[in-house]
Amino acid sequence: MHGIIFLQLQRFIKSAANQEVLNTIMDDAKFRGKFFDATKSYPDEELVAILNSACKVLKLDQEVALEEFGKYITPSLLTTYKPYIKSEWKCMDLLENVETTIHKVVRASNPGATPPELVITRINPNEVQIDYTSKRKMISLGIGIIKKIAEHYNESVTVSKMSIPNGTRLNIKKSGVGSK
Ligand code: HEM
């Protein structure tokens, strides 16, 4: 996983607690003093170890923590990948293009980065379906990203999820829009 994600996870923990607690968590995960470089990639297991320790020390539910972390990283993801986000897009347009535009660029520009292969369908102007299959099982991170993207566009959405073989299907609907 991308070094940016590690750096952001450390920042997220620090903002939820403080530097001392972050040190305790890094100690617990056996990574005290380790420096993560934003231009490099690191094994997924290291991210999971830090996340697990954070949940243990801060007594957080893992899925809640992942969703909050997803929300936390979204503003910087939107800034980093701004050149690929069309100015006329709204929330549903960006979601529709995450795989073909954004994750594709992430893969091409960061050797070693492997964002999930999302299968995205625009059901109608106000609804997008995202099928997530990844061995990382981090769908809650994706849900946090989606909610923050909606907030960024001043839109409100409802996100529902169901299981599919080897993964999860998300249905994202713009709320406050009638079906008439
Ligand atoms: C502007 C929008 C987005 C950007 C810039 C972005 C970028 C990224 C980046 C840089 C990573 C790290 C990949 C790695 O290091 O291997 C990642 C991973 C991930 N992305 Fe996205 N992403 C976006 C939207 C989304 C959305 C809408 C979802 C919804 C499902 C999503 C789901 C995930 C998940 C779950 C991961 C963790 C890796 C995994 O589970 O395989 N992303 N994304």
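One-based numbering along the sequence shown. Note that ligands are numbered from 1 as they come in the structure, with each ligand's atoms numbered from 1 the same way. These numbers come from a predicted model, not from an experiment.
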Look at atom NZ of Lys71 and say whether more than 12 heavy atoms of other residues, nucleotides or ligands are closer to it than 6.0 Å.
->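 For Lys71, atom NZ is crowded (more than 12 foreign heavy atoms under 6.0 Å).
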Any side-chain donor-acceptor pair under 3.5 Å between [X] and [Y]?
X: Ser163; Y: Arg169; result: no
X: Ser140; Y: Glu67; result: no
X: Gln8; Y: Ser76; result: yes
X: Asn124; Y: Glu127; result: yes

Neighbouring protein N, O or S atoms of atom 21 (Fe) of ligand 1 [cut-off: under 2.8 Å, no waters] |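 As for protein N, O or S atoms lying under 2.8 Å from atom 21 (Fe) of ligand 1, they are His103 NE2.
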Where the closest heavy atom to atom 11 (C) of ligand 1 is concerned, which of Ile5, Leu47, Leu170 has it?
->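 Closest candidate by heavy-atom distance is Ile5.
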Checking contacts here: is it the side chain or the backbone of [X] that comes within 4.0 Å of ligand 1, counting heavy atoms only? Could be both or neither.
X: Asn110; result: neither
X: Leu95; result: side chain
X: His2; result: both
X: Leu78; result: side chain

Please work out whether the ring planes of Phe36 and Phe31 are parallel, tilted or perpendicular, with thresholds of 30° and 60°.
->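 Perpendicular: the ring planes of Phe36 and Phe31 meet at over 60°.
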Parallel, tilted or perpendicular for Tyr81 and Tyr84, by the 30°/60° rule?
->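 The arrangement is tilted - the two ring planes meet at 30° to 60°.
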Supply the atom-to-atom distance Tyr132 OH to Lys137 NZ, rounded to the nearest 0.5 angstrom.
->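 Spacing of OH (Tyr132) from NZ (Lys137) equals 8.0 Å.
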Indicate yes or no: does an N/O atom of Tyr132 lie under 3.5 Å from an N/O atom of ligand 1?
->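 The answer is yes, given that Tyr132 and ligand 1 share an N or O pair closer than 3.5 Å.
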Check: Tyr81 N/O within less than 3.5 Å of ligand 1 N/O |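 N/O-N/O distance below 3.5 Å does not exist for this pair.
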Are the charged groups of Lys86 and Asp93 less than 4.0 angstrom apart, N to O?
->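 Salt bridge absent between Lys86 and Asp93.
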Considering only NZ, NE, NH1 and NH2 on the basic side and carboxylate oxygens on the acidic side, decide whether Glu96 and Lys90 come within less than 4.0 Å.
->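 No salt bridge links Glu96 with Lys90.
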If you count the atoms of ligand 1 from 1 in the order shown, which ones are under 4.0 Å from a heavy atom of [X]?
X: Ala113; result: 14 (C), 15 (O), 16 (O)
X: Thr114; result: 14 (C), 16 (O)
X: Ile146; result: 27 (C), 29 (C)

For atom 38 (C) of ligand 1, find the nearest protein heavy atom and state the residue, atom name and distance (0.1 Å precision).
->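 Nearest protein contact, heavy atoms only, for atom 38 (C) of ligand 1 is Arg136 NH1, 2.9 Å.
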Does one hydrophobic cluster hold both Val64 and Leu51, with members joined at side-chain heavy-atom distances below 4.5 Å?
->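 In one cluster with Val64: Leu51, no.
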